[in-house]
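Step one of this worksheet: look at the structure below.
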There are 2 protein chains.
Amino acid sequence: MDDMNGHGNGGGGRLLSERQREHPFIVTEPGEVARGKKNGLDYLFHLYEQCRDFLIQVQTIAKEHGEKCPTKVTNQVFRFAKKAGASYINKPKMRHYVHCYALHCLDEEASNALRRVFKERGENVGAWRHACYKPLVTIAAGQGWDIDAIFNSHPRLSIWYVPTKLRQLCHTERNNATASSSASGGGVDHLPY
Amino acid sequence: MDDMNGHGNGGGGRLLSERQREHPFIVTEPGEVARGKKNGLDYLFHLYEQCRDFLIQVQTIAKEHGEKCPTKVTNQVFRFAKKAGASYINKPKMRHYVHCYALHCLDEEASNALRRVFKERGENVGAWRHACYKPLVTIAAGQGWDIDAIFNSHPRLSIWYVPTKLRQLCHTERNNATASSSASGGGVDHLPY
DNA sequence: AGAAGGACCAGTGGTCCGTA
DNA sequence: AGAAGGACCAGTGGTCCGTA
């Protein structure tokens, strides 16, 4: 019933009628297996890879049938995953942590370092999740602030919608950067003279 | 009020309260202006170019505001066009003739020849519209039947959704071609031996 | 308290069918 | 009859908030 050793909820002797929610995530180091009724972050990221596999299956079927072919993980893909027995995958969860997965894809070293720091400090998942935004905004700053282009140019990330909050942070920070560079004579904004 | 000389509905002395529907299309040769209360096919294709302009405006605004940026002519673009005063543009009409515009984009010579033949024969717009499917299916046959790739690789066509009926025709015809090549020993289908 | 996810909602793609 | 387009509908992207 489990997806990987030591991950996911144990099916154990539990009756189907009393199936529980997934165990909550805790901040784990890379390679670390969560103990007790918890799931680790490697498992979280593995769920994104599973969604990608389901998308590829949906795409293959769509092409065979001459139907329009999704390029993103859509409602259709979540429905397919559920039908295929992956009841632990759902849209609100996957959307909630997309930017964390993005950091893992775009700068695995930075992502790993952040995990170690937040585990060290005993921070909860919400705090770690929140901290994933800032390094992404920094990456965007170095790429002309185009977070859509950054997502689309990465093969495993391009199938995910850019989260609204990440988009807003990039936009706000770009305006701040432009205003300060303009004030100091940088002149990256329009009508610089 | 008119969009181009000799095209669109005349505003004339008509009151705003009694604004009429657009004049119906008739089959015209390239460069020919429709006479009487009719619109020609150059005007039809011009509407697609106008939609493209409106999309580009919507995209520019979206990027300025750090919002998600449409890549296709969506409801949002039709709403924008209407708000900008292009009341003669609407979704059902544009969707109805997309494949005709596609032929115009992909093989203007073939499109022009078809217009001349159907004008010569005195056919109505519906007959011409129907006849636009077949040359497109032939083009798709020469490109691995991937009508989505054909649309997406053309800069002016890529902003339009592939019409359902065109997709279905390509799918059906691909299966027919595969079956006959299989029967004659071609073996393009899966499990050919 | 912190977190997982059912379920809702505004606005979409798609096109039918009452209209002229 | 042939054709233009208002308006509807099933299923979407997005995420809130009742739940555990």
Side-chain angles (χ1 to χ4, degrees), chain A residues 8-9 18-27 34 37-39 41 43-44 47 58 67-68 70-82 86-100 122-130 159-168, chain B residues 8-9 18-27 34 37-39 41 43-44 47 58 67-68 70-82 86-100 122-130 159-168:
Chain A
N9 276 353
E18 47 177 275
R19 187 184 295 280
Q20 302 293 306
R21 294 185 178 193
E22 281 273 282
H23 296 145
F25 292 109
I26 55 164
V27 182
K37 298 199 165 190
K38 300 291 178 184
N39 282 315
L41 300 184
Y43 174 68
L44 171 61
L47 295 182
V58 169
E67 290 161 5
K68 62 186 289 193
T71 58
K72 304 274 189 187
V73 178
T74 60
N75 282 352
Q76 185 188 15
V77 175
F78 287 117
R79 225 181 302 120
F80 182 90
K82 199 131 287 178
S87 61
Y88 46 89
I89 288 177
N90 63 69
K91 181 170 60 165
K93 174 161 64 187
M94 301 314 291
R95 296 265 189 265
H96 194 62
Y97 293 105
V98 168
H99 71 283
C100 307
E123 301 275 11
N124 63 33
V125 163
W128 166 76
R129 176 181 173 274
H130 183 75
I159 65 172
W160 297 96
Y161 291 109
V162 174
T164 304
K165 183 166 177 184
L166 177 59
R167 189 193 302 284
Q168 288 169 340
Chain B
N9 275 352
E18 46 179 276
R19 187 183 294 280
Q20 301 292 305
R21 294 186 177 192
E22 281 274 281
H23 297 145
F25 292 109
I26 55 165
V27 181
K37 299 198 164 189
K38 299 291 177 183
N39 283 314
L41 300 184
Y43 174 68
L44 172 62
L47 295 181
V58 169
E67 290 161 3
K68 62 185 290 193
T71 58
K72 304 275 190 185
V73 178
T74 61
N75 283 350
Q76 185 189 15
V77 175
F78 287 117
R79 226 181 301 121
F80 182 90
K82 199 132 284 178
S87 61
Y88 47 88
I89 288 177
N90 64 69
K91 181 170 60 166
K93 174 162 64 187
M94 301 315 291
R95 295 266 189 263
H96 194 62
Y97 293 106
V98 167
H99 70 284
C100 306
E123 300 276 9
N124 63 32
V125 164
W128 166 76
R129 177 180 173 275
H130 184 75
I159 64 171
W160 297 97
Y161 291 110
V162 174
T164 305
K165 183 166 178 185
L166 177 59
R167 189 194 302 285
Q168 287 170 342

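Residue numbers start from 1 in every chain, and the chains themselves are labelled A, B, ... in the order their sequence lines are given, proteins ahead of strands.
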Hits for salt bridge (charged side-chain N to carboxylate O under 4.0 Å, His left out) against B/Glu123, two or more places apart or cross-chain, chain-then-number order -> B/Arg121
Ranking D/dG5, C/dG5, D/dA3 by distance to the side chain of B/Lys93, first place goes to D/dG5
Ring geometry between B/Tyr88 and B/Tyr43 (parallel below 30°, tilted from 30 to 60°, perpendicular above 60°)
tilted
When rounded to whole Å, the NZ to C1' distance for the pair A/Lys37 and C/dA3 reads 16 Å
With sequence neighbours left out, the residues meeting salt bridge (charged side-chain N to carboxylate O under 4.0 Å, His left out) with B/Arg167 are B/Asp148
From CE of A/Met94 across to P of C/dA3 the rounded distance in Å is 17 Å
Practice task
Say whether, by atom type as modelled, one donor and one acceptor occur between the side chain of B/Lys82 and the main chain of B/Ile89 under 3.5 angstrom.
Solution key: yes
### Task
Check the pair A/Tyr97 / A/Phe25 against side-chain contact (heavy atoms from CB on, under 4.5 Å), numbers first and verdict last.
CA-CA 11 Å; A/Tyr97 293 105; A/Phe25 292 109; 4.0 Å; yes
Residue set satisfying salt bridge (charged side-chain N to carboxylate O under 4.0 Å, His left out) with A/Arg129, at least two apart, ordered chain then number -> none
| said: Counting the atoms with a prime plus P, OP1 and OP2 as sugar-phosphate, which does B/Tyr97 contact under 4.0 Å by heavy atoms, base, sugar-phosphate, or nothing? | reply: sugar-phosphate
Whole-Å distance, B/Tyr88 OH to D/dG6 C1', equals 19 Å
A/Glu22 CD to C/dG6 P, in whole Å, measures 11 Å
note: B/His96, atom NE2; D/dG5, atom P; distance rounded to Å ~ 11 Å
Checklist entry - P atom, D/dT15 versus D/dG11: distance in rounded Å? => result 23 Å
For DNA chain D, consecutive-pair runs of 3 or more (Watson-Crick or G-U wobble, both H-bond-type distances under 3.5 Å) give C:5-10 with D:12-17, C:12-17 with D:5-10
Per-nucleotide protein contact along nucleotides 12-17 of chain C, 5' to 3', at a 4.0 Å heavy-atom cut-off (B base, S sugar-phosphate only, - neither), is BBBBB-
Quick one: side chains of residues 74-81 of chain A, donor-acceptor pairs under 3.5 Å with protein atoms, not counting sequence neighbours, listed by atom name and distance.
| residue | atom | partner | partner atom | Å |
| --- | --- | --- | --- | --- |
| A/Thr74 | OG1 | A/Gln76 | N | 3.4 |
| A/Asn75 | OD1 | A/Lys91 | NZ | 3.0 |

Heavy-atom nearest pair, A/Lys72 first then A/Trp160, reads NZ-O, 3.8 Å
